[in-house]
Amino acid sequence: CGVNIKLGSPFEKLIFIRERILPYGYIFLFPLLLFYYESVLKISTTGEYFGLNTVFILLFSFCYGAVLYLLISILKNQKATRILTAVFMMLYALVFLVEYFMFRQFKIYYDFNTVFAGAGDAMGQFSNEVFALLFSFDGIVKTVLFFLPSILYTVFSKKVFVDVRANLVKRLISTSVAILSVLILLILCFTSVLNPVYFNKEYNFQVAIEKFGLLTGIGLDLYNSGIEQEQGFETAETPSMTAENTTPPVPEATLEPTPKEYGYNKLELDLSGGNGIIRELNSYVSTVPATKKNDFTGIFKGKNLIFIT
């Protein structure tokens, strides 16, 4: 006995959506995924989500996601495509999770150069706090939230995305999404809605993440670090020797300033007398040499000074 499916039945519509529409939805998997990671991080740290900065993060996420899809679309084998997609999803989840825990511990975003450089010290000095944070209720919830997309993809990808192979139409759509996102960002820059000085002259890792998201912040950090290394230190040019002037210039005589005397940090105390421990203490204090004063001595006089280490 065969099953008679009428044209336009709900079952037939589901098959059409699964086989014809959802494969094109795979194009938007990475853009939406990156925006999801950025949203979870932003809500979990600053809590400031609804605003113009979220629009910037959305555009950057769609641009990066579209480019990432184009790179993965080079693969012809569907199994390899699914595996590589899952690996990328887990790596991105790990990056965002590490940044979240750093923010929770130190209340500030840390660039990854600082994170890796101080990882050993952090595990040594703050190991108890780190493990307490990892296995706290909030830490477990955030770990699940960041790794949830990769888990769902691993379980349901074959059922939802029947065909993940790319074709010319899919690549054109992905390219159009990336170009459109960049064009909108450029328009926002030219209309001063998005101030371009945050990318170079006034670059700051904290501001970059808050305004553009973690991925853009990491990219800007690498870019500006490279610029600083190329510039290095400027050396003063020495005058060249010519045939007309072969005698090196004689520096003008300068008078060295007379060193200023500040005196010593010393109180006039009577350290004689006393019995037992008091006598020993007075004897020790009388042998300790007094330290010299300097320009900064007494600058906090009359003020309440709080010193935090």
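- Both Leu32 and Phe156 belong to a single network of hydrophobic side chains, linked directly or stepwise wherever heavy atoms of I, L, V, M, F, W or Y lie under 4.5 Å apart.
- Leu222 and Ile209 fall within the same hydrophobic cluster, where Ile, Leu, Val, Met, Phe, Trp and Tyr residues are linked whenever their side-chain heavy atoms come under 4.5 Å apart, directly or through other members.
- Here the closest non-hydrogen pair linking Lys42 and Glu210 is NZ-O, 2.8 Å.
- Side-chain atoms of Leu29 and Tyr153, non-hydrogen and from C-beta on, do get closer than 4.5 Å to each other.
- Val177 and Phe62 get closest at one heavy-atom pair: CG1-CD2, 3.8 Å.
- The backbone N or O of Met89 lies less than 3.5 Å from a partner atom in the side chain of Tyr37, making a donor-acceptor pair.
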### Task
Tell me, with the steps shown, if Thr143 and Phe135 meet side chain to side chain contact (heavy atoms under 4.5 Å, CB included).
CA-CA 10 Å; Thr143 302; Phe135 295 103; over 6 Å; no
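- Two residues are said to be in side-chain contact when any heavy atoms from C-beta on lie closer than 4.5 Å; Phe96 and Val40 fail this criterion.
- Scanning all heavy atoms of the two residues, the minimum distance from Lys211 to Phe56 falls at O-CB, 3.5 Å.
- For Ser174 (side chain) and Arg171 (main-chain N/O), no donor-acceptor pair under 3.5 Å exists by modelled atom type.
- Using a 4.5 Å cut-off on side-chain heavy atoms (C-beta onward), Val141 and Phe137 make contact.
- Contact of the Phe60 side chain with the Glu38 side chain is not registered, since no non-hydrogen atoms from C-beta on lie closer than 4.5 Å.
- Here the straight-line distance linking atom OG of Ser176 with atom CG of Leu183 works out to 10.5 Å at 0.5 Å rounding.
- Two residues are said to be in side-chain contact when any heavy atoms from C-beta on lie closer than 4.5 Å; Ser73 and Lys170 fail this criterion.
- Closest of all the heavy-atom pairs between Asn265 and Ala290 is O-CB, 3.6 Å.
- The CG atom of Leu58 sits 9.0 Å away from the CD1 atom of Ile184 when rounded to the nearest 0.5 Å.
- When hydrophobic clusters are built by joining Ile, Leu, Val, Met, Phe, Trp and Tyr residues whose side-chain heavy atoms come closer than 4.5 Å, directly or via intermediates, Ile27 is grouped together with Val169.
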### Derivation of the side chain to side chain contact (heavy atoms under 4.5 Å, CB included) call for Tyr100 and Asp138
CA-CA 11 Å; Tyr100 165 74; Asp138 184 70; 2.2 Å; yes
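- Note on Val95: it clusters hydrophobically with Leu134, by side-chain heavy-atom contacts below 4.5 Å among ILVMFWY residues.
- For the atom pair OG of Ser44 and CZ of Phe101, the computed distance is 10.0 Å after rounding to the nearest 0.5 Å.
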### Task
Apply side chain to side chain contact (heavy atoms under 4.5 Å, CB included) to Thr297 and Asn294, showing your working.
CA-CA 5 Å; Thr297 302; Asn294 53 44; 3.3 Å; yes
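- In this structure, Tyr109 and Phe103 have tilted ring planes: the angle between them lies in the 30° to 60° band.
- Rounded to the nearest 0.5 Å, atoms OG1 (Thr45) and CZ (Arg104) are 11.0 Å apart.
- When all heavy atoms of Pro149 and Tyr36 are compared, the closest pair comes out as CG-CE2, 3.4 Å.
- Taken together through direct or relayed side-chain contacts under 4.5 Å among Ile, Leu, Val, Met, Phe, Trp and Tyr, Val155 and Phe146 form part of one hydrophobic cluster.
- Counting all heavy atoms, side chain and backbone alike, Asp221 lies closest to Phe205 at CB-CD1, 4.0 Å.
- Taken to the nearest 0.5 Å, the CG atom of Leu185 stands 4.5 Å off from the CG atom of Leu59.
- Side-chain atoms of Ser150 come within 3.5 Å of backbone atoms of Phe147 as a donor-acceptor pair (strictly under, hydrogens ignored).
- Taking the six-membered ring for Trp and thresholds of 30 and 60 degrees, Phe88 and Phe30 have ring planes more than 60 degrees apart, a perpendicular arrangement.
- Between Thr85 and Ile72, some side-chain heavy-atom pair lies under the 4.5 Å cut-off.
- The distance from the CG atom of Leu52 to the CD1 atom of Ile57 is 10.5 Å, given to the nearest 0.5 Å.
- Checking side-chain atoms of Thr216 against main-chain N and O of Gly213 turns up no donor-acceptor pair under 3.5 Å.
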